[in-house]
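Side chains included, hydrogens not; waters and symmetry mates left out as well; all remaining heavy atoms used.
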Amino acid sequence: ADTWFSTLPGRLAGPPAEIAGLAEDTELVAEGFNWEKAHAHLFAGQPDAGAGAGAGAGDAAVFFSRATRDYYGQTHQDYTLDYHLTCSALVNAGVDFAVVTAIPAPAQWPVLVLGCAACLSEDEIAGLEAYLSAGGMVVAFGPTGLRDSRARLLEKPWLARHGIHMLVEEPERTPSFPPYIHQTKETARCTGFRNGTPVDPGGWVVIETGTGRLHWSPCRPQADAQALDLPARVSGLLPEKSPHIVQAPAGWALRRFKD
C-alpha cells in the first residue's frame, strides 16, 4: 500500500485510562484487511478488456504519465489538472476506459488517450510507434512528447516525427524549494503547425501511420475543454461493437465487467 497511518498511543500525553482505550495500529489496520478477506468475492470480477484480453475496462485507455508529473509538473496546472479533467470528462460522458502507466497493445485497448504528456521516454515513444503501426488510435492533445523521461528537451520531439511542429509557451518559473512554492498558477500554452499550416486552436490534426491514426489537438482540458470535446472524439473512434452506456442514475459512474 502507498498509504499508512499510526495512532501511536504510546507517544500520546493524556490520562492513562483514556490512552489505554485507544486501539493499536495492528487492530485498526486488521479491520480493513480482514473485511476484504471475508468478502473476497467482491474483488474477484474480471474487468472487460474491450476488443482484447488485457486487464482493463472498455475499449479506451487513458495514459498516466508519471514522468510528466514527477519531473515536469511543478504545479497542478502543469499536468495533473489536465489528467483529472480528462478522466472526469470521459466518466461524465459515460465513456468506459482504463488507466494505464505503460503503452499497451491495440489488441488490449484500440483507443489510447494521451493528454498533455510532455515527458515521454524512448521506450514509451517506441511503444507508441508500435501501437500506431499495429492499428491503434492515439488521441493526443496539449504539450506532448517534447521532453524525455527526466524532462530534458528532446532534440526531435515525438510529434515532429509525424510532421507536427509544436510550440509551447512556458510560464515564468521562479527557482525555489519546494519547486512549486513560488510558482504562479499559469498554464503553458500550446500551438502547432502541420506542413507549415497553423493548426486551428480548437481543431484536430489526423495523421495516418501504419494502420493506425494519430489525432492531435493543441487544446488543453483546463483551458479549452469545450473546443476539445474529448468524449465525442474518443467515442467516435471506439469499435462499433463496443457497448455504450446511454443512461445512468444521476451522480453515478458505470464501468463494465465480465462477471
Inset, instruction - Evaluate the side-chain proximity of L128 to L114: yes if any heavy-atom separation is below 4.5 Å, no if none is. - result: yes
Legend entry - Flag side-chain contact, heavy atom, 4.5 Å: V113 against F63: no
Legend entry - Gap separating the CD atom of Q77 from the SG atom of C116, nearest 0.5 angstrom: 12.0 Å
Legend entry - Exam field: side chain D82 to backbone Q222, donor-acceptor pair closer than 3.5 Å: yes
Inset, instruction - Please answer whether the main-chain N or O of H84 pairs with a side-chain N or O of S88 as donor and acceptor at a distance below 3.5 Å. - result: yes
Legend entry - Interatomic distance, S121 atom OG to R147 atom CZ [nearest 0.5 angstrom]: 15.5 Å
Legend entry - Validation row: V62, C87 side chains within 4.5 angstrom (heavy atoms): yes
Inset, instruction - Give a yes or no on whether the backbone of G202 and the side-chain of D200 come within a donor-acceptor separation of less than 3.5 Å. - result: yes
Inset, instruction - Decide yes or no for Y71 and R152: does some side-chain heavy atom of the first lie under 4.5 Å from some side-chain heavy atom of the second? - result: no
Inset, instruction - Check the surroundings of atom CZ in R66: do more than 12 heavy atoms from other residues, nucleotides or ligands lie under 6.0 Å from it? - result: no
Inset, instruction - Answer with yes or no whether the side chains of W158 and E129 bring together a donor and an acceptor at under 3.5 Å. - result: yes
Inset, instruction - Could you tell me the separation between the OG1 atom of T209 and the NE2 atom of H162, rounded to the nearest 0.5 Å? - result: 5.0 Å
Inset, instruction - Please report the closest heavy-atom contact between R220 and P143, naming both atoms and the distance. - result: NH1-CG, 3.7 Å
Legend entry - For the student: nearest non-hydrogen atoms of E124 and L120, plus distance: OE1-CA, 3.3 Å
Legend entry - Heavy-atom pair of closest approach, residues C190 and G142: SG-C, 3.9 Å
Legend entry - Distance flag, aromatic centroids of Y79 and Y72, threshold under 6.0 Å: no
Inset, instruction - Run the salt-bridge test on D70 and R150 with the 4.0 Å N-O cut-off and return the result as yes or no. - result: no
Inset, instruction - Go through the steps to decide whether D96 and D59 satisfy the test side chain to side chain contact (heavy atoms under 4.5 Å, CB included), and finish with yes or no. - result: CA-CA 7 Å; D96 211 4; D59 293 304; over 6 Å; no
Inset, instruction - Might you point out which heavy atoms bring V99 and F64 nearest each other, and give the distance in Å? - result: CG1-CB, 4.1 Å
Legend entry - I207 vs R213 side-chain heavy atoms within contact, under 4.5 Å: no
Legend entry - Residues H215, L237; criterion side chain to side chain contact (heavy atoms under 4.5 Å, CB included); working and verdict: CA-CA 10 Å; H215 298 241; L237 296 174; 3.7 Å; yes
Inset, instruction - Evaluate whether atom CD of E170 has more than 12 neighbouring non-hydrogen atoms of other residues, nucleotides or ligands under 6.0 angstrom away. - result: yes
Inset, instruction - Return the minimal non-hydrogen interatomic distance between V95 and P231, and the atom names on each side. - result: CG2-O, 4.3 Å
Inset, instruction - Taking D148 for its side chain and A151 for its backbone only, find out whether a donor-acceptor pair lies under 3.5 Å. - result: yes
Legend entry - Separation between CZ of F97 and CG of L112, rounded to the nearest 0.5 Å: 12.5 Å
Inset, instruction - May I ask whether V205 and F193 are part of the same hydrophobic cluster, defined by side-chain heavy atoms of I, L, V, M, F, W, Y residues being less than 4.5 angstrom apart, directly or through others? - result: no
Inset, instruction - Starting at CH2 of W204, measure out to CZ of F141 and round the result to the nearest 0.5 Å. - result: 6.5 Å
Legend entry - T187 side, atom OG1; L81 side, atom CG - distance, nearest 0.5 Å: 7.5 Å
Inset, instruction - Could you walk me through whether R173 and D78 pass salt bridge (charged side-chain N to carboxylate O under 4.0 Å, His left out), step by step? - result: CA-CA 11 Å; R173 302 182 188 277; D78 284 332; 3.1 Å; yes
Legend entry - Pair L146-L154, side chain to side chain contact (heavy atoms under 4.5 Å, CB included): steps then yes or no: CA-CA 6 Å; L146 69 156; L154 291 171; over 6 Å; no
Inset, instruction - Could you tell me whether a side-chain N or O of Q108 sits under 3.5 Å from a main-chain N or O of A105, the two making a donor and an acceptor? - result: yes
Inset, instruction - Please examine the side chains of L159 and H165, heavy atoms only from C-beta on, and report whether any two atoms are closer than 4.5 Å. - result: no
Legend entry - Expected output: side-chain S133 to main-chain G210 donor-acceptor under 3.5 Å: no
Legend entry - R69 side chain reached by C119 side chain, heavy atoms, under 4.5 Å: no
Inset, instruction - Establish whether V91 and Y83 are linked, either directly or via other cluster members, by ILVMFWY side-chain heavy-atom contacts under 4.5 Å. - result: yes
Legend entry - Contact check, side chains of V206 and L214, non-hydrogen atoms, under 4.5 Å: no
Inset, instruction - State, to 0.1 Å, how close P221 and L228 come at their nearest heavy-atom pair, and which atoms those are. - result: CG-CD2, 3.9 Å
Legend entry - Cluster link I103 to V100, ILVMFWY, side chain under 4.5 Å: yes
Inset, instruction - Determine, step by step, whether R189 and V168 satisfy the side chain to side chain contact (heavy atoms under 4.5 Å, CB included) criterion, reporting the C-alpha distance in whole Å, the side-chain angles of both residues, the deciding distance to 0.1 Å, and the verdict. - result: CA-CA 6 Å; R189 304 296 299 180; V168 177; over 6 Å; no
